[in-house]
Amino acid sequence: MATFPKTLPYLLLVLSIFLISEGLQQQDSEKKLQECYQRCEKTQLEKASLEHCKISCQAEHGGDVYQEERGERDYVFRKERFVQRLRTEHGTVRVLPNFYQLSKLLVGVSNYRVSVIDLKPRAFLKPHHLDAEVLLFVANGRGSVGVVDSESRNTHDVREGDILRIRAGSIFYLANKDSNERFIIVKLLNPVSQYGQFKEYFAVGFQQAYLQRFSREVKRAAFNLKAEEVEELFGGQQQGQQQQQQQGAIIRASEQQIRSIRGSEGGSSRPSTESRGPFNLYKKRPTHSSNRGRLIEADRNDYQPLRDLDIQVTFANLTERSMLAPFFNTESHKIAVVMKGRGTIEFVRQRREGEQQESEKGREQEQEEQEQEQSEPQYERISTQVNEGDVYAVPPGIPIVQIASSSQNLEVLCFETRAERNQRIFLAGPNNPWRRMEDAVKELTFGRRAREVDEKLSLQKETVIMAGPEEREEYPLSNIMNFFGF
Amino acid sequence: MATFPKTLPYLLLVLSIFLISEGLQQQDSEKKLQECYQRCEKTQLEKASLEHCKISCQAEHGGDVYQEERGERDYVFRKERFVQRLRTEHGTVRVLPNFYQLSKLLVGVSNYRVSVIDLKPRAFLKPHHLDAEVLLFVANGRGSVGVVDSESRNTHDVREGDILRIRAGSIFYLANKDSNERFIIVKLLNPVSQYGQFKEYFAVGFQQAYLQRFSREVKRAAFNLKAEEVEELFGGQQQGQQQQQQQGAIIRASEQQIRSIRGSEGGSSRPSTESRGPFNLYKKRPTHSSNRGRLIEADRNDYQPLRDLDIQVTFANLTERSMLAPFFNTESHKIAVVMKGRGTIEFVRQRREGEQQESEKGREQEQEEQEQEQSEPQYERISTQVNEGDVYAVPPGIPIVQIASSSQNLEVLCFETRAERNQRIFLAGPNNPWRRMEDAVKELTFGRRAREVDEKLSLQKETVIMAGPEEREEYPLSNIMNFFGF
Amino acid sequence: MATFPKTLPYLLLVLSIFLISEGLQQQDSEKKLQECYQRCEKTQLEKASLEHCKISCQAEHGGDVYQEERGERDYVFRKERFVQRLRTEHGTVRVLPNFYQLSKLLVGVSNYRVSVIDLKPRAFLKPHHLDAEVLLFVANGRGSVGVVDSESRNTHDVREGDILRIRAGSIFYLANKDSNERFIIVKLLNPVSQYGQFKEYFAVGFQQAYLQRFSREVKRAAFNLKAEEVEELFGGQQQGQQQQQQQGAIIRASEQQIRSIRGSEGGSSRPSTESRGPFNLYKKRPTHSSNRGRLIEADRNDYQPLRDLDIQVTFANLTERSMLAPFFNTESHKIAVVMKGRGTIEFVRQRREGEQQESEKGREQEQEEQEQEQSEPQYERISTQVNEGDVYAVPPGIPIVQIASSSQNLEVLCFETRAERNQRIFLAGPNNPWRRMEDAVKELTFGRRAREVDEKLSLQKETVIMAGPEEREEYPLSNIMNFFGF
């Protein structure tokens, strides 16, 4: 996989925090820190300066806060990290930087990208192709997706919950069919040209479209037209004063144009062997459903393209104060996008002496630490709040807990890689792994009688989604504390 | 994939060009530049100094020529870039450097190598093995290829157009069976040991052969001979004065020796399920054939080994002034070798602010640019002439046009990767993708009535291979201009 | 694959040796060097200082010895190179650093790791999971392996020669069932999270276990217990004074606990299609067996998991003074672990002008050398002694000879990658490749009459395992000389 040299400024930044934060004391400076943060949020609109601001807060009030901060930065990427790829007054396309660029620890998903398309009512995203495999998920609204390949065209009407795969290089276009709602799509991309990078190719439709860039002679020869005609045709000029308004990759369609972009039926919930139509996740029977929430999973058996891509798509809706039981994936990297609401995630990773700086270091040092002699593994907790639009990625083997906030449900869309071989191993609840071990193993592992162990472990009756911490006292406070890893 | 740090001198070189060429004016200094180039070609025999010479030409007469030059350097590799791997008076083996070393943008084919074997009449390339999968294409002449693996030996008589796969590690040897013609083979290699690198292992046949390097004791033990005997045997000394002449990896065989190296029948055009014999591309029915030229394609269904390698082999012969319609591959990297003739290729790639220097920069900056906020994608044309022996590589998604010169046909051999999933999407001609779109989409995309769009797009009646620009006025001039990207 | 920047100190070290050793003369300073080495071994216990010591020996007595030394370091890794990952008084887990970190030339196996588990009598390694696929080989003793995944638990009784695959993320534990013997396991790991790296996750069983690191609130919610209870439970405290003694990942079990950890029958020698139980290598009929030794091979047809992993497991037992015939693998990297005894390995690799420093250089230079113009390939011998616990890795295409010492058998366990497509090509013995070539080819290659070649090559009647050099005179001396590549 490609590697990205560490960015010096970033390194210096972090080192400075280290130096500064040495010898600071921690006793309940949390509240001060919180306020400091809030000042930052209020005053600093630009992401980079915001981070600076927060970091100086830490230096001032921080204790080892910076450490959790760092850990968080390795796996959790705020909405603000997305960068704009396309934008007109009618909509935007935003994309999260390459995962490996975001965190060396995510090398395992460095050839995946996450992108969000947001179209205003009746907006139309012009035909283009990408040098990447695409998996669409309709997060909001309803619209049509037209897909053109070397032989055919398929237009699909899609709505919330639909999953649709678009092959690398297929020319596609999107139309928001609603006159009031926004049409929002989350895309998982898997580049086929340059590792971890993709580009969009608009052949026609505005002055900068790529067919315009061929030499006049080639254009004339290819289309058997006068060069001027070609330029006019492919430049997509409108008659008269409409012209300005309608330039660009995303434009607004008329009522009647929208109506006439009409696809086959939307995604069904029946297993679809043909890889063309969409599949609707919300229509599928949940793996788990209770008053605490639901978990819906679509895999290779539901939707053929998920087999080719070896991806599982999971949607979790946790009702407020509920918690997805602690688990880890055996083979999958989990790429999670917070669709709605707010919550806390907490996970634990192995940590070695001096590994704090890992993500700021070159591979080499990372390795050396990795190989240090030691007698026992050390682990550290990473704990943070997540909000709508945030993305987090969790490598295989790492145990994680996801908790809805006390005020809102938490809705999370997950793409899980290496889906075919993956198992999800829950660490709590009736199906916990220890109950399946021999009594002697329980004794040796827990250092007490097997019967005792069984009793204790049998107290949690709920599976998959269970009551979260906030349904117990002392949490509201600790919630904040949590955030800072105490 | 492995990464190669940027070479400082190269970077300095390019930067200097940047600085120098700033503020230069372009008005028809082309002719001067041409002459300057020709002076270089005449005076500078050594590649490196040749490039220096040309670059100073650009600094002198250049305008933004350097820019197209750079773009060109990312994808097009002149015959001179090949380096020698083996050479005797009877023939040579030359190899193109690793694609990723040549251009960071070609990371997608960085584990492929292109090599050319050129044997004089009756020349014999001694038995050896490579740590790479090999796909041979016979470009000129006729000969025999002997392949020895752990159980068997197969000798194949091959001639122009034959494709033959040789498994990694199989010991093989080549004989030019003709007494006048050169025997020329183009090899696509897919290394199995070190990424993007391969080595050749000659066990015996000259003093430096590898069996010679084992310790005397091991040689004696392994072959149950006196060490001297082994050395003499594997050193391949000839009796008497022949000795000198016959040293080395490529020697000359006698009439009768050549005759007695005789294989099974040459490649058939029938689909061959058994992966041993060769397959003759020229015998296959063309995908397209007209007075403008022919396009022949061999895939997994024609020749079993192409399935294992997931490679498609394509041969295009464009008659003078004809053009292969603009298209892009959805998944394949196209590795093209110009077999005969001369032509112009033109393609368009996405370009971002400040991306000019991309290929000279480390990954990091490349990424940062890649992620820059922007409202619309920008594209740039890369346009250049290609001649016999040049190689060019085109990543998936990038639209390309290939045009035969006014004086000669253009014959191009292409290897296309990820063949199974690939589609070729033609952008002009009766099968253009827009004609398949809804009328409303045509209107929205082209900004004019669908009927109009259809009319315009229906004027090009030819498919695949069509009349090139030169069949129209103003081209001869623009052809040169093209070269410099105007 | 990830790349590791060259370590400057190391580079300087090596360069200095270069400079120093220039102009030194070689005439039989070997004996002096030997003694110098022995002094080092006696005085320097720590690996790094040992190497320094040896290197200064070379500087003093060395000639081009340093060169062989370097070559050796690229492929052969002494027992001392293993680093400790876990350790208590009852056992250890040790792991060899990433192969790519050890040698750039081994990039082809950079996502494999080798680890050794060594448990004292009745020792118990607590339940944990790894973010890597695991292939176990029982090198010594007998014990039980419990494997728990999302649905089931399987406990297997294993003994010497058993191969067992454990899926990435499965929770497993080990018990040494013998009261006197050590239970030693060699592990091949194939990481699934970070390239070439893996981590171990202990959920419970000691204070640092990862479940302990979740916030108190999460623990309470997940297990429906008071936080203190959870901590006590998962901390694995023992009652009373046992506590100290039983802390850590590896503890000692009681007679009766050990007895009650009992698995299904051990590995059978029958082809097992189900991927759960172990397979016993020693019970399989050898590929070759004679008074010179035996070669046993297990592949995808013997043990289903070897198909998924595309690994072949080979066990070679060479009786003293015997030699495994020179051969090379066509596609496999061979990862060899010396299980018992002592021997010499000798192999030959291609070498290019100035390539001495390759492994100390960044990729770039490496490439440039790689591409240097040349008329013929050069090869160099690498020759060294190997002892119990050493690991060596040999890339495809490279011919190698393995020889048991005069005093002891040599037992080697090998993991061979890309097993499905691999062929082993023997270069000596009745099945040598040249005998299958046409007479004319023999003449051209060996420069003498085919009949002569056949005669000479037919003198070695033995196959696979043959008499080694020491069964002839002059070896005892040359054995040492060999070590230094003369």
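Chain A is the first sequence line, chain B the second, and so forth, proteins listed ahead of strands; every chain is numbered from 1.
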Query raised in the report: Among Met466(B), Met323(B), Lys456(B), who wins on heavy-atom pairs under 4.5 Å with chain A?
Result: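 Most pairs with chain A among the choices: Lys456(B).
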If I take atom [atom1] from residue [X] and atom [atom2] from residue [Y], how far apart are they, to the nearest 0.5 angstrom?
| X | Y | atom1 | atom2 | value |
| --- | --- | --- | --- | --- |
| Phe214(A) | Arg381(B) | CZ | CZ | 9.0 Å |
| Phe328(B) | Asp131(A) | CZ | CG | 10.0 Å |
| Thr445(B) | Phe202(A) | OG1 | CZ | 10.0 Å |
| Ser193(A) | Arg418(B) | OG | CZ | 9.5 Å |
| Ser170(A) | Gln423(B) | OG | CD | 5.5 Å |

Are [X] and [Y] side-chain neighbours, meaning at least one heavy-atom pair lies under 4.5 Å?
| X | Y | answer |
| --- | --- | --- |
| Pro127(A) | Met437(B) | yes |
| Ile425(B) | His129(A) | no |
| Tyr201(A) | Ile398(B) | yes |
| Phe446(B) | Phe234(A) | yes |
| His128(A) | Pro377(B) | no |
| Asp308(A) | Arg421(B) | yes |
| Glu232(A) | Arg448(B) | yes |
| Thr330(B) | Arg167(A) | no |

Heavy-atom proximity to chain A below 4.5 Å, by part of [X]:
| X | answer |
| --- | --- |
| Pro396(B) | both |
| Phe426(B) | neither |
| Arg424(B) | backbone |

Side chain from CB out, backbone as N, CA, C, O: work out which of these in [X] comes under 4.5 Å of a heavy atom of chain B, or both, or neither.
| X | value |
| --- | --- |
| Leu130(A) | neither |
| Ala132(A) | neither |
| Tyr173(A) | side chain |
| Phe124(A) | side chain |
| Glu229(A) | side chain |

Side chain of [X], backbone of [Y]: donor and acceptor closer than 3.5 Å?
| X | Y | value |
| --- | --- | --- |
| Gln194(A) | Leu105(B) | no |
| Gln460(B) | Ala221(A) | yes |
| Asn224(A) | Leu459(B) | yes |
| Asn431(B) | Ser150(A) | yes |

Side-chain ion pair, [X] and [Y], N-O less than 4.0 Å:
| X | Y | answer |
| --- | --- | --- |
| Glu346(B) | Lys219(A) | no |
| Arg436(B) | Glu151(A) | no |
| Glu380(B) | Arg213(A) | no |

Query raised in the report: Taking the inter-plane angle between the rings of Tyr210(A) and Tyr379(B) on a 0 to 90° scale, is it parallel (under 30°), tilted (30 to 60°) or perpendicular (over 60°)?
Result: perpendicular
Query raised in the report: Stepwise, does the side chain to side chain contact (heavy atoms under 4.5 Å, CB included) test hold for Lys126(A) with Val441(B)?
Result: CA-CA 8 Å; Lys126(A) 289 180 178 173; Val441(B) 171; over 6 Å; no
Report task. Grab the two heavy atoms, one from Ser260(A) and one from Ala440(B), that are nearest each other, plus how far apart they are. Result -> OG-CB, 3.0 Å
Report task. Verify side chain to side chain contact (heavy atoms under 4.5 Å, CB included) between Leu233(A) and Leu457(B), making sure each step is shown before the conclusion. Result -> CA-CA 9 Å; Leu233(A) 178 64; Leu457(B) 290 179; 4.1 Å; yes
Requested in this report: Output, in order, the C-alpha distance, side-chain angles, deciding distance and verdict of side chain to side chain contact (heavy atoms under 4.5 Å, CB included) for Leu444(B) and Ile261(A).
Outcome: CA-CA 11 Å; Leu444(B) 286 161; Ile261(A) 303 172; 4.0 Å; yes
Report task. Please report the C-alpha distance between Thr155(A) and Glu438(B) in whole Å, then the side-chain angles of each, then the deciding distance to 0.1 Å, and finally whether the side-chain hydrogen bond (donor to acceptor under 3.5 Å, both in side chains) criterion is met. Result -> CA-CA 9 Å; Thr155(A) 303; Glu438(B) 297 94 334; 2.6 Å; yes
Report task. Under the side chain to side chain contact (heavy atoms under 4.5 Å, CB included) rule, collect the residues that match up with Arg451(B), sequence neighbours excluded. Result -> Arg449(B), Glu455(B)
